[in-house]
Amino acid sequence: MNILKASAFVSIGAATLAAAGAEKRPNILFIFSDDHAVKSISAYDGSLNQTPGIDRIAKEGAIFKNSFCANSICAPSRACILTGKHSHKNGQLGNWVRFDGSQFTFPQLMQKNGYATALIGKWHLKSDPTGFDKWMVYPGQGRYYNPDYLTPEGKKQVMGYAPDVTTDLSIEWMKEQQKVGKPFVMMCQYKAPHRTWSPAPRHLNKYDDVTFPVPETFYDNFEGRNSDLPKHKMGIAKHMRMGYDLKVPQSMDNDKGIFEMPRMTPEQKTAWKKAYDPKNKAFFEANLKGKELAEWKFQRYIKDYLRCVAAVDENVNRLQDFLKESGLEENTIVIYSSDQGFYLGEHGWFDKRWMYEESFRMPLVMKWPGKIKPGTVVNELVQNIDYAPTFLEACGIEIPEEIQGKSLLPIVTKTDDKVDWRDALYYHYYDSPSEHGVAFQEGVRTDRYKLIRFYELNQWELYDLKTDKNETKNLYGNPEYSEIQKMMMKKLKEVKNNYDAKYDLKNPHPNVKKQIEKKKKKKK
Ligand code: SGN
Ligand code: CA
């Protein structure tokens, strides 16, 4: 394991820790959202919106500029975080799998080492959470308005807008822990800004007077790349549903199809209708077609998405205000991240799954007063499998051998300038045929190049990220890049060896095999 040179946090057992003064061990507040693209965080970009709450973490601590997931989909990303391992090792290959909560997870180990642990909000792993003193999780995807929570005592509805409610509950629990005096891990996990992008009543008119430019690749023709791309089912123009996704009712006097409406209180419904009715009326009257209609959908989508981000950001700020006011701030590590990135119109898409940058990237900012210097920028290639070892090391708990990730502490505290860090990341997405028509794919990314293997199709893609940030010029098979191609083929082999990754469709992972058999049976 990595032991911090200039740090008092070394690998020692629980008993030693207690003797050394357990009150010194840091708390962890892990704030996690769903489908939050880095482009919509001003600390990363700033061209779309402002996120002062998330930026505050980066300003007072560190921003990771090259942070990625191992498998760009919800349940797998969460499992990578809990276990510190790639999907093929923790078994959570896709959202369809029931997470095996009897395997190693970092919250279980922290709990054994005297930490109070809680998880509130989106979970999405089907099985009941293990390793938490308190859990209150959304059933499945969770809802935006007046959300239900599953608890060990049964289902409970709490009135309000989901990110606000999840924040209130998280603050309440942290207050209790402060009274008890136990160090804690609080995992506060929002549903927003996931589909159906339903904003809070207070944000329904935000961005009304803004027109966002469509991304350069909005009208991508997918030329020169894998043959599944044109068959995608994640197009803003083609696949978004008018009521469900875009909040356009069947007619001005029939609200059917607005997903969250049946859950709303009369006040929430009034606010919603007051905001959307005039905009929808204008839409019906305009009778748009073709390109104009596609771009109208893009505006409705991006605005609703950013409205949801605004609520997340306000709550991230509120959590930090609470830590400051309560005196917990000084000894609490705060992290903000999201399970994967998301397409905000790039390639004409919404959703994720592909190994292209927009969905492969994960936001990651982290602060730890006194340990991480304010304004730190980390450029190393990091992945969600690195979170568990980071948390364990920060809390002085030995990192189990089986963990595949690396603690981020040496690269974020900059206490060691000769850190031996990785030069390539491994990625693998398994769910096929999936809801949005994305093929099986694995690949490798270095600081400059990316190689993707679509093994179901027996096709490859190679990108130079320096000269082609939109990833539209596939260089695979291009003689000018033959040396680079060879180098990247070798890198893929290397990372697969490192992580003991050996599965594809000729040798399917047992959970993929089960899924394929199930699908076959259904067809019969
Ligand atoms: C749902 C969404 C999909 C989304 C998956 C996975 N459809 O099925 O658009 O890709 O979740 O998202 S919806 O109609 O139910 O909204 S994930 O973030 O949970 O992996
Ligand atoms: Ca997600």
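For ligands, and for the atoms within them, numbers begin at 1 and follow the listed sequence.
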Parallel, tilted or perpendicular, judged at 30° and 60°: which one describes the rings of Tyr149 and Tyr138? tilted
Name whichever N, O or S atom of Asp34 ends up nearest to the Ca ion (ligand 2). OD1
Among Tyr455, Tyr499, Tyr503, which residue satisfies the ring-ring contact (aromatic ring centres under 6.0 Å, His included) criterion with His428? Tyr455
Numbering the atoms of ligand 1 from 1, which are under 4.0 Å from a heavy atom of Gln340? 18 (O)
Closest non-hydrogen protein atom to atom 20 (O) of ligand 1, residue and atom name please, with distance? Cys74 CB, 2.7 Å
Any atoms of ligand 1 less than 4.0 Å from a non-hydrogen atom of Asp34? List them with their elements. 18 (O)
Once the angle between the rings of His347 and Tyr356 is folded into 0 to 90°, is it parallel (under 30°), tilted (30 to 60°) or perpendicular (over 60°)? tilted
Enumerate the atoms of ligand 1 whose separation from the nearest heavy atom of Ile73 is less than 4.0 angstrom. 6 (C), 20 (O)
Are His239 and His232 close enough, and set up right, to give a ring pair (Phe, Tyr, Trp, His ring centres under 6.0 Å), and what steps lead you there? CA-CA 9 Å; His239 305 105; His232 72 83; 5.4 Å; yes
Tell me which protein heavy atom sits closest to atom 4 (C) of ligand 1, plus the residue, atom name and distance to 0.1 Å. Asp351 OD1, 3.4 Å
Between the candidates Arg195, Arg353, Lys233, which shows the shortest non-hydrogen contact distance to atom 5 (C) of ligand 1? Arg353
Verdict with supporting geometry, Asp148 and Arg143, salt bridge (Lys or Arg N to Asp or Glu O under 4.0 Å): CA-CA 7 Å; Asp148 290 323; Arg143 300 297 292 263; over 6 Å; no
Mark up the atoms of ligand 1 that fall under 4.0 Å of a heavy atom belonging to His124, in ascending order. 19 (O)
Can you tell me which N/O/S atom of Asp35 has the shortest distance to the Ca ion (ligand 2)? OD1
Residue and atom name of the nearest protein heavy atom (relative to atom 13 (S) of ligand 1), distance in Å to one decimal: Tyr244 OH, 3.1 Å
Plane angle bin for Phe259 and Tyr244 - parallel if under 30°, tilted between 30 and 60°, otherwise perpendicular: perpendicular
Shortest heavy-atom approach to atom 11 (O) of ligand 1 - which of Gln141, Met234, Lys122: Gln141
Would you say Asn511 and Arg98 are linked by a side-chain donor-acceptor pair, where the criterion is simply a distance under 3.5 Å? no
Is the side chain of Trp354 donor-acceptor paired with the backbone N or O of Glu358 at a distance under 3.5 Å, no angle test? no
Please tell me whether Tyr190 and Ser338 have a donor and an acceptor in their side chains that are separated by less than 3.5 angstrom. no
Near His436 (heavy-atom distance under 4.0 Å), the atoms of ligand 1 are 3 (C), 4 (C), 9 (O), 10 (O)
Students should be able to answer this: which protein heavy-atom is nearest to atom 7 (N) of ligand 1, and at what distance? Glu435 OE2, 3.0 Å
Minimum-distance protein heavy atom relative to atom 6 (C) of ligand 1: Asn95 ND2, 3.5 Å
Tell me whether the Ca ion (ligand 2) has Gln340 as a neighbour, meaning an N, O or S atom of it below 3.0 Å. yes
min-distance N/O/S atom, Asp339 vs the Ca ion (ligand 2), resolves to OD2
Which protein heavy atom lies closest to atom 12 (O) of ligand 1, and at what distance to 0.1 Å? Lys352 NZ, 2.9 Å
Ring centers of Trp272, Tyr161 separated by less than 6.0 Å: no
Looking at Asp35 and Arg195, is there a salt bridge between them, counting it only when a charged N and a carboxylate O are closer than 4.0 Å? no
